[in-house]
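This report concerns only the one structure given below.
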Amino acid sequence: MNTNVLLSAQTLPREFYSRDTLRVARELLGKTLVHDTERGRIAGMIVETEAYTSNDPACHACSGITPRNAVMFGEPGHAYVYFTYGMYFCFNAVTAPQGTGEAVLVRAVEPLEGIDLMIENRGTEVETNLTSGPGKLCMAFGLKRDHNGLDLTAGSLTIMNGERPSEIAETTRIGIRVGADLPWRFYIPNNPHVSRKPAGKTRPSIRPVIHRGHSG
DNA sequence: AGAGCGATGGCCT
DNA sequence: GGCCATCGCTCTA
């Protein structure tokens with residue numbers, strides 16, 4: 001081992017990502033997303049995720065590999081950052097073994113470090129509005145096209161270990177038309193930085209399912 | 001609190 | 001040409 005052992009000791013290893021995507025989506029809650037920029041470190045605790053699997057009609061990769069989604073089929077533990085609605089970016093962690101097109105969308109984080117930089121990047125000082133959505137958090141963290149494909153296990157954009165939440169809420173995903181009935185959105189209950197209070201708009205009847213004291 | 005909508009551009013058929 | 005894994009504003013209640 002080299003002298004970076006101490007610095008990288010808390011970074012999630014590739015094996016973390018190379019597993020079942022739903023499991024990774026749940027276990028990313030409580031972990032810390034870290035972006036080391038020229039102006040300083042920006043970090044936040046992941047509080048909301050969504051899983052996208054290869055047989056899932058809402059997944060960008062469900063119809064096969066294209067230039068846009070190619071990163072999803074590559075090595076797990078890399079960043080899949082895509083451009084959407086003409087002005088926003090969304091950040092994903094590529095999951096499952098290489099060759100499968102799967103990823104976890106990080107929808108919200110709780111600001112921990114570099115909040116002044118987030119305020120500059122977002123143009124607001126309201127703390128619960130800095131990173132409470134996939135587009136917002138990319139703006140706050142300065143994530144854009146250049147970050148697509150970066151290795152999350154080494155370099156300036158990483159995910160570090162963190163405390164496991166005691167509860168996980170599970171609902172349908174937000175902002176999709178197909179696959180809208182799959183309960184593959186996960187978030188930390190009562191955290192003020194989650195993008196929306198209850199479930200997606202599609203099925204207001206679906207209540208969040210709270211899992212207590214989960215293992216694994 | 002919730003519904004509606006425009007902005008804006010890349011990707012894919 | 002149609003469709004977005006969004007956001008912030010406006011209007012109605």
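A, B, ... follow the sequence lines: proteins, then strands. Residue 1 opens every chain.
Non-hydrogen atoms lying under 4.0 Å from DNA chain C are contributed by A/Gly133, A/Pro134, A/Gly135, A/Lys136, all within residues 133-140 of chain A. A heavy atom closer than 4.0 Å to some atom of DNA chain C occurs in A/Leu105, A/Arg107, these being the qualifying members of residues 98-112 of chain A.
Using a 4.5 Å cut-off on side-chain heavy atoms (C-beta onward), A/Cys59 and A/Met72 make contact. A/Arg196 places a side-chain heavy atom less than 4.5 Å from the side chain of A/Ile174. Counting heavy atoms from C-beta on, the side chains of A/Thr158 and A/Leu152 never come closer than 4.5 Å. A/Ile159 places none of its side-chain heavy atoms less than 4.5 Å from the side chain of A/Val34. Side-chain contact between A/Leu12 and A/Lys31: present, with at least one pair of heavy atoms (C-beta onward) separated by less than 4.5 Å.
Ring orientation note: the planes of A/His35 and A/His147 are nearly perpendicular, at an angle over 60° on the 30°/60° scale.
A/Glu48 and A/Val194 get closest at one heavy-atom pair: OE1-CG1, 3.4 Å.
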*Give the B/S/- string for nucleotides 7-13 of chain B, one per nucleotide from 5' to 3', where a protein heavy atom under 4.0 Å of the base yields B, of only the sugar-phosphate yields S, and otherwise -.*
BBBSSS-
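Side-chain contact annotation: A/Ser54 with A/Glu102, donor-acceptor N/O pair under 3.5 Å present. Judged purely by distance below 3.5 Å, without hydrogens or angles, the side chains of A/His60 and A/Tyr80 pair a donor atom with an acceptor atom.
If you find the closest nucleotide of DNA chain C to A/Glu50 and to A/Thr124, the one lying nearer the 5' end belongs to A/Glu50. Nearer the 5' end of DNA chain C, as judged by each residue's closest nucleotide, is the contact made by A/Val178, out of A/Arg122 and A/Val178.
Note on A/Glu27 versus A/Arg23: salt bridge recorded, some NZ/NE/NH1/NH2 to OD/OE distance being below 4.0 Å. Under the 4.0 Å criterion applied to side-chain N and carboxylate O atoms, A/Asp56 and A/Arg173 are assigned as salt-bridge partners.
Summarising the local packing, CD of A/Gln98 is surrounded by more than 12 heavy atoms from other residues, nucleotides or ligands at distances under 6.0 Å. Crowding of A/Asn190 atom CG: a count of heavy atoms from other residues, nucleotides or ligands under 6.0 Å not exceeding 12.
Annotated stems with DNA chain B as a participant read B:1-7 with C:6-12, B:9-12 with C:1-4, given as range with range, by first number; only runs of 3 or more Watson-Crick or G-U pairs under 3.5 Å qualify.
Through side-chain heavy atoms spaced under 4.5 Å, either directly or across other Ile, Leu, Val, Met, Phe, Trp or Tyr residues, A/Tyr88 is tied to A/Tyr85, A/Met87, A/Met139.
The side-chain tip of A/Arg19 points at the ring of A/Phe16 from less than 6.0 angstrom away and within 45° of straight on.
Contact footprint of chain A on DNA chain C: nucleotides with an atom under 4.0 Å from a non-hydrogen protein atom, first to last in 5' to 3' order, C/dC4 to C/dG8.
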